[in-house]
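Report on the structure given below.
These numbers come from the heavy atoms of this one structure, side chains and all, not from hydrogens, waters or symmetry mates.
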Amino acid sequence: MAHHKSAIKRWHQSLRERERNRARRTRARNAIRKLREAVAAGDGTAIEEALRRAYSAVDRAAKKGAIHDGKADRLKRRMAHLVQKARATQDAA
């Protein structure tokens with residue numbers, strides 16, 4: 001535990017920021033999960049909406065530093081590939 005007043009304040013700030021980052025990461029993961037569920041269901045409009053929400057959540061998490069920029073790019077690339085495959089199977093059917 002910190003002893004100096006400034007160190008105690010910084011510790012409290014880090015705890016608050018950790019909770020915020022945890023919420024941002026959870027929000028992003030949930031959005032990605034909902035996208036995967038929409039792809040599994042095969043609903044085209046739900047996929048587009050879920051993709052938009054997932055991109056937004058991942059970008060926000062990266063912007064605020066909850067996840068690394070490279071990880072955000074990688075997640076978005078994988079989501080785009082998933083949606084692209086889903087569209088290809090829908091078109092083929």
Item to check | Verdict with reasoning, Val83 to Leu35, per side-chain contact (heavy atoms from CB on, under 4.5 Å) | outcome: CA-CA 9 Å; Val83 170; Leu35 173 64; 4.0 Å; yes
Checklist entry - Yes or no on salt bridge (Lys or Arg N to Asp or Glu O under 4.0 Å) for Glu19 and Arg16, after CA distance, side-chain angles and deciding distance? => result CA-CA 5 Å; Glu19 286 303 312; Arg16 284 193 300 268; over 6 Å; no
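A donor-acceptor pair under 3.5 Å is formed between the side chain of His68 and the backbone N or O of Gly70.
Residues Glu17 and Arg20 meet the side-chain proximity criterion, which asks for heavy atoms closer than 4.5 Å. Gln84 places none of its side-chain heavy atoms less than 4.5 Å from the side chain of Met79.
The nearest pair of heavy atoms linking Ala31 to Ala54 is CB-CA, 3.6 Å. Annotation for Ala28 and Ala57: closest pair CA-CB, 3.8 Å, computed over non-hydrogen atoms.
With rounding to the nearest 0.5 angstrom, the CD1 atom of Ile67 is 11.5 Å from the CZ atom of Arg24. The line from CG of Leu51 to CD1 of Ile47 is 9.0 Å long, rounded to the nearest 0.5 Å. The CG atom of Asp43 sits 12.5 Å away from the CD atom of Glu37 when rounded to the nearest 0.5 Å. Residue Lys85 holds its NZ atom at 5.0 Å from NE2 of His81, rounded to the nearest 0.5 Å.
The existence of a salt bridge linking Asp59 and Lys76 is confirmed by a sub-4.0 Å separation between a basic side-chain nitrogen and an acidic carboxylate oxygen. With respect to the salt-bridge test (charged N to carboxylate O, under 4.0 angstrom), the residues Glu49 and Lys34 do not qualify.
More than 12 heavy atoms of other residues, nucleotides or ligands lie within 6.0 Å of CZ in Arg33, so this atom counts as buried by the packing criterion.
At a cut-off of 3.5 Å, with distance as the only test, no side-chain donor of Gln90 or Arg87 sits close to an acceptor on the other residue. For the residue pair Asn21 and Arg18, no side-chain donor N or O sits within less than 3.5 Å of a side-chain acceptor on the partner.
Checked options Arg60, Arg53, Arg52; the residue passing with Ser56 is Arg60 (criterion: side-chain contact (heavy atoms from CB on, under 4.5 Å)).
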